[in-house]
2 protein chains.
Amino acid sequence: MTTADPISGVFAALADPTRRAILARLAEGEATVAQLGAPFPISAQAISKHLNVLERAGLIVRTREAQWRRVRIEPAPLRDVAGWVAQYRRLWEERYDALGGYLERLQKEEP
Amino acid sequence: MTTADPISGVFAALADPTRRAILARLAEGEATVAQLGAPFPISAQAISKHLNVLERAGLIVRTREAQWRRVRIEPAPLRDVAGWVAQYRRLWEERYDALGGYLERLQKEEP
DNA sequence: TGGCTTATCAACCAAACGGTTTATCAACCG
DNA sequence: CGGTTGATAAACCGTTTGGTTGATAAGCCA
């Protein structure tokens, strides 16, 4: 993900099961970094890096609170993802019956 | 994206603007590799690699046809992505009015 | 047949990724 | 105060990624 465009960063952030699991946990409510890391067999530093990725993608917000950081999910980028993928909805909803099949065949013979 | 789980591969495939543009083109109909590559200032080999990524993610199908390859979009994984992100829909639709605000406050004071 | 076109394979390279270990910082607590 | 806890930063390491160039395969056409 070398690019700067925002949605690429969101997709890249979501392309990791650990980060998706963190988001799933955060969907149930805020948590500290230690709480988020508990289920995973990796170091706290690695969790911190995952949180950096999620934060840069705009998917979470970290707020300092005494010696802890509270982490909160930020769903706006997911709304953007839903919007992007909705562009393709008709493709997977398309019926391969009379009309659909006809259009398909039409297109195939075009060139 | 070292993991083998399918949706990670889909997200990773979508995390690149060139590949998303290729999908956008394919949403309008099948195309050859050369046609797909034309808009981009990169080599045909690089396009071929992008197609490999999309194919491994299940987002396209390539079929040989004389000396050309016809490339077709395969929308099923996008349906899966839509399903995944729909889990979070209530979060971005949540109203911050009486009820929503109350639940939020409740959660914050919990510990 | 030989040559052209279309597409892929293979080897290589620099940059990014996901993890580690070590060091540091900030805030509570005894 | 000093020690402990929670979290991050920095440096490092092996693998993956996105691109390149060069070689190769498959099929058309003159």
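Every chain is numbered from 1, with letters handed out A, B, ... down the list of sequences. Note that the structure is predicted; figures quoted are calculated from it, not measured.
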Can you check the [X] [atom1] to [N] [atom2] distance for me, whole Å?
X	N	atom1	atom2	answer
B/R56	C/dT8	CZ	P	13 Å
B/L14	D/dT17	CG	P	14 Å
B/R69	D/dA25	CZ	P	13 Å
B/K49	C/dA7	NZ	C1'	15 Å
A/Q35	D/dT5	CD	P	17 Å
B/Q67	C/dT8	CD	C1'	15 Å
A/I47	C/dC17	CD1	C1'	15 Å
B/L54	D/dT17	CG	P	13 Å

**Item:** Residue whose closest nucleotide on DNA chain D lies nearer the 5' end, A/N52 versus A/R64
**Value:**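 Result of the comparison: A/R64.
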How long is the straight-line distance from [atom2] of [Y] back to [atom1] of [X], given to the nearest 0.5 Å?
X	Y	atom1	atom2	answer
B/Y88	A/L23	OH	CG	5.5 Å
B/K49	B/T18	NZ	OG1	13.5 Å
A/R20	A/L59	CZ	CG	12.0 Å

**Message:** Below the 4.0 Å mark, does C/dC17 have OP1 or OP2 next to a side-chain nitrogen or oxygen of A/H50?
**Reply:**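 For A/H50, the contact criterion (side-chain N or O under 4.0 Å from OP1 or OP2 of C/dC17) is not met.
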**Prompt:** Is any side-chain nitrogen or oxygen of A/S43 closer than 4.0 Å to OP1 or OP2 of C/dT20?
**Reply:**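 A/S43 to C/dT20 OP1/OP2: side-chain N or O found under 4.0 Å.
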**Asked** Given the rule that I, L, V, M, F, W and Y join up when any side-chain heavy atoms are under 4.5 Å apart, are A/L51 and A/V53 in one cluster?
**Response**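 No, A/L51 does not connect to A/V53 through the hydrophobic network.
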**Item:** Candidates C/dA7, D/dG18, C/dG18 - which lies nearest the side chain of B/T32
**Value:**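 So the nucleotide nearest the side chain must be C/dA7.
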**Prompt:** Of all the nucleotides listed (D/dG18, C/dG18, C/dT8), which has the minimum atom distance to the side chain of B/R19?
**Reply:**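 Nearest to the side chain of B/R19 among the choices is D/dG18.
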**Heavy-atom side-chain proximity of A/V81 to B/W84 below 4.5 angstrom** =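 No, too far: nothing below the 4.5 Å cut-off.
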**Asked** Between B/V10 and B/D80, is any pair of side-chain heavy atoms under 4.5 Å apart?
**Response**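 No - every pair of side-chain heavy atoms lies 4.5 Å or more apart.
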**Prompt:** Mind checking whether A/F11 and B/F11 have parallel, tilted or perpendicular rings, split at 30° and 60°?
**Reply:**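 Plane angle between 30° and 60°, so tilted.
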Each nucleotide N or O in nucleotides 22-24 of chain D that has a protein N or O under 3.5 Å away: list the pair and distance.
from   : atom 1 : to    : atom 2 : distance (Å)
D/dG22 : O6     : B/Q45 : NE2    : 2.6

**Message:** Let me spell it out: for each of A/W68 and A/T18, pick the nucleotide of DNA chain C with the closest heavy atom. Which residue's pick is nearer the 5' end?
**Reply:**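 The residue mapped nearer the 5' terminus is A/T18.
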